[in-house]
Each structure stands twice: as structure tokens, then as C-alpha cells.
Amino acid sequence: MSHFLAYRCSLCGTDYLPHEVTYTCPKDGGNLDVILDYTWIKLHHSIAEITTSAEPSLWRYLPLLPVSDPGGAGTPIHMAGWTPVYALQRLAARLGLRYFWIKDEGRNPTASFKDRASAVVVARAQEIQAKVVVTASTGNAGAALAGMSASVGQPAIIFAPKTAPQAKIAQLLVYGAQVILVDGNYDQAFDLAIEAAHEFGWYCRNTGYNPFTAEGKKTAAFEIWENVLLLRPELERPLVVFIPVGDGNIISGIHKGFKDLLALGWLKQMPRLFGVQAEGSAAIADAFLAGSETIQPVAAQTIADSISVDLPRDGVRAVRAASQTHGGYIKVKDADILKAIAELGPYGLFAEPAGATAYAGLLQALQLGLVTADDPVLVLNTGNGLKDVGAAMQAVQPAAVIEPTMPALKKFLKLS
Ligand SMILES: *Cc1c(COP(=O)(O)O)cnc(C)c1O
Ligand SMILES: [Zn+2]
């Protein structure tokens, strides 16, 4: 990797050469940022080279990634990312927004944003010839690691809480990973995965621990740049992006992606990043709103299982993603999350609770005046609604059941 220079600790600023460390800063446990050689990249690559690429996945951004192509062309790992951006005109009009987009990450191969991180971590695992990759997950990260690993024949082990939604557990099993459910929460699974990785020499993908997850997640920023910002040079105000936040790794990864583009001189202005958390799992939002970078753990409780986290593992960078971009944090109630699922459906979008959280955050930001009609807005739906059908059924009224006769139908239609 001629353009992967080093890692830099986000807390103490120490630089490490790529072979010197694997996960976090040995001094203080800080998250590591991947440092790229922007001069080299600019010398050897161009915007046009990327925008004319025929690659229909995040691998079109290989020149900006610290890994090489994992292979598996034509398999799901080469379908990660490159998700659609919808311009929902009717919904935009209802919200009173001039420019409004939703990027649907539910369209990833395993149906969540996590495919981006897992694809890049699997590429790294192949490079270092890891025998086994392992991760702790609330469900989606595991499904993504299992699916991306299956694409290239990489053995994978997944720890998840036994309370994870059935659909997510089914995915883990069907993709052929070794699945270990823990009788505990995500945070306990997280610590166990790290301990096991050290003891058995497995390569650990844990979110907010492995520096390559943010590098994978940053590719969503590249797509927003390529599919929205480059096509709309007339936008004067910065794009406002709403992002659901659990560990804080998606928002910090997207921030990193935009920072890469700014450093290359390929992006006009930094978008404003708004993190959205469930009220019952809001450790990062609480720190931000207190003007602090110190993350105090909570006892997480929310219907949005994908963002239910006691101690966010990428909290400091997640706070900075908002504070350094004139963005912010918003907390929403579970009831608002369910309402958001029901509101997006009639526009053709089926989101899991965590995915709908970003839209619930936008509604509150509009109410609070944090966003106005002239702000261009993009909402990220991070996961497909089929991931958690139980929650979806709570968001809607049950369907009527009638006798299969015309009189019964007519009676029902008159009544309803
Ligand atoms: C993991 C996840 C998130 C939150 O990402 P973090 O990096 O933990 O902040 C949001 N939505 C969905 C669907 C997820 O799976
Ligand atoms: Zn450090």
C-alpha cells in the first residue's frame, strides 16, 4: 500500500507505522485514524478516474482505501456500498425542504450499512492472511462480517447477544459463520470477543476497535460526494447529513471520508453532520450536549437494537464529527422511531428501527429550527426493515381479517 502511511491516535496524536499496531493506541486505548499520503494519491489518481469507474461497489474508491482489492469479483463483497440515493419529492414538499435525499443502506448485500466496514476488514484479513476473523455485534455487524467472509471463503466467528432479532441471527447461521450467542448484552459480547481474539490469534473486527471499520464506513461519504454534491454544484449551503449513532463509528467514518476529500481538494465544503441517538442509549449525545468529550456509560434500553450501546467505543471521534462540522446531536424517543418507520413506508422505504432513527432526528431538528427550508438535507437509512419485523409490526396497525366473501368485503369497506 504505497499511500497508507501510518496510524494516528485520536487521543494523544502519536503516529504508528502500519506494522507497529493492529487495533488501538497502546498508550491510551484511543481509536486510531488511518493516515493516507494525499500528495501521492493526487499525483496518481483523479476525480474523473473515480467517477468514470464501472465498479458498482465501494471498491470504486480503492485509490482512497488502505487495503487492496479482496478479490471475489462478481460475489457479494463486490456489491457492498454504491447504494441508491432517493430524491423523495413528495416527502420533501411535505417537510418544506428544497433539497432532500435519503440514502438507502438497506440495499447492501446483507441489508445494512455494516457491509461497508466488514468488506474492508475482510480485505485486510486476507492481506494479513488471518485464519479467522471474529466480531461482537448487536446483529448487523456480525451478519455483514459473516456475509462478506462467505464471499471469499474466510472463516468467521460471531458473538451476539442472545436477544438479537431473529432475522439477524438467521443471517449469521445461514452465511455459515460460527455463531456464539451470549447470555448478556452487546458490551459483554464486545469484551469477550477481544479477549478471545488475543488468546486464540483471531483477527478482531470489533466496531470502534479495529481501525479499518471506519475506513470502510467512510465510503458512504464518497458516495454522497459523487452522487449528490458533484452533481449539484449550485448548492451554496453545506449539506446537512443525519446519521443514527450507536458506537459512533458510522458518523466518525463518514467524517473521515469527507476529511479525506477535503484534504485532496476534491470537496468544496465540509457537510454538517448530525448524530441521532435513542434517548435510552445516548451516551455520545449526552457528552456532546454537555460540551464534553468524556463519554459516560449508560444502561442502554431502546427498541433500536442496532444502536443500543452502554459504552460507545468510538465516542470521542463521534463527538468531534459533530463539533468540527457545525453539526450536532439529537435524542429521539422510541415512540418517535416507530412513527418514523410508519412515515417512511408510504414513500417506498422500509427501515429497521435504527435506520429510521435518523429521519426521526430530522423531524426534531426541523421543529427546533436547527435545520431550515434552505438547507440541503440527506438522511441515512442504515438498515433494512426486514431485519426486525417485530418492531415494524409495532409501528403499524394490524391488518383486518375478513371472511372470503363479497358481502363480508362490502361490509368491511363501508365500515373502514
Ligand atoms: C451499527 C448500526 C448503526 C450505528 O452505527 P455505529 O457505528 O454503532 O454508531 C446504525 N444503524 C444500523 C442499522 C446499524 O446496524
Ligand atoms: Zn494514544
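Quick caveat: nothing in here was measured; it's all calculated off a predicted structure. All ligand and atom numbering here is 1-based and tracks the order in the structure. Positions are given from 1 along the sequence.
Annotation: angle subtended at the Zn ion (ligand 2) by Cys25 SG and Cys12 SG is 110°, to 10°. Seen from the Zn ion (ligand 2), atom SG of Cys9 and atom OD1 of Asp28 lie 90° apart in angle, a value rounded to 10°.
The Ala354 neighbourhood of ligand 1 comprises atoms 11 (N), 12 (C), 13 (C), with distances under 4.0 Å to a heavy atom of that residue. Under a 4.0 Å criterion applied to the non-hydrogen atoms of Lys217, ligand 1 contributes the atoms 7 (O). Close approach of ligand 1 to Ile307 (heavy-atom distance below 4.0 Å) involves ligand atoms 3 (C), 4 (C), 10 (C). Counting atoms of ligand 1 from 1 in the listed order, those under 4.0 Å from a heavy atom of Asn249 are 6 (P), 7 (O), 9 (O). The contact set between ligand 1 and Glu352, taken as ligand atoms under 4.0 Å from a residue heavy atom, comprises 13 (C). Of all atoms in ligand 1, listed by their number and element, those nearer than 4.0 Å to a heavy atom of Val245 are 9 (O).
Taking the six-membered ring wherever Trp is involved, the centroid distance between the rings of Phe4 and Tyr7 falls below 6.0 Å.
Checked against a 3.5 angstrom limit, the closest N/O atoms of Ile250 and ligand 1 fall inside it. Residue Asp247 has at least one nitrogen or oxygen atom sitting less than 3.5 Å from a nitrogen or oxygen atom of ligand 1, judged on distance alone. Geometrically, ligand 1 and Gly248 share a nitrogen or oxygen pair separated by less than 3.5 Å. Between Gly246 and ligand 1, at least one N/O pair is under 3.5 Å apart. Of the N or O atoms in Asn140, one or more lie within a sub-3.5 Å distance of an N or O in ligand 1.
More than 12 heavy atoms of other residues, nucleotides or ligands shown are found within 6.0 angstrom of CD on Glu49. Remark: Glu20 CD is packed, more than 12 non-hydrogen atoms of other residues, nucleotides or ligands lying under 6.0 Å away.
Between Glu293 and Arg317 no salt bridge is recorded (no basic side-chain N to carboxylate O distance below 4.0 Å). Looking at Asp191 and Arg313, a side-chain N of the basic residue comes within less than 4.0 Å of a carboxylate O on the acidic one, giving a salt bridge. Glu223 has no carboxylate O lying under 4.0 Å from a charged side-chain N of Lys218, or vice versa, which leaves the two without a salt bridge.
For atom 11 (N) of ligand 1, the nearest protein heavy atom (residue, atom name, distance) is Thr382 OG1, 2.7 Å. Shortest contact from atom 1 (C) of ligand 1 to any protein heavy atom: Lys114 NZ, 1.3 Å.
Expressed to the nearest 0.5 Å, how far OG1 of Thr213 lies from CG of Asp314 amounts to 7.0 Å. Separation of atoms CD (Gln126) and CD1 (Ile128) is listed at 10.0 Å; rounding is to 0.5 Å.
Trp266 and Trp225 have parallel rings, their planes meeting at less than 30° on a 0 to 90° scale where 60° marks the start of perpendicular.
Side-chain polar atoms of Lys259 and Gln324 form no donor-acceptor pair below 3.5 angstrom.
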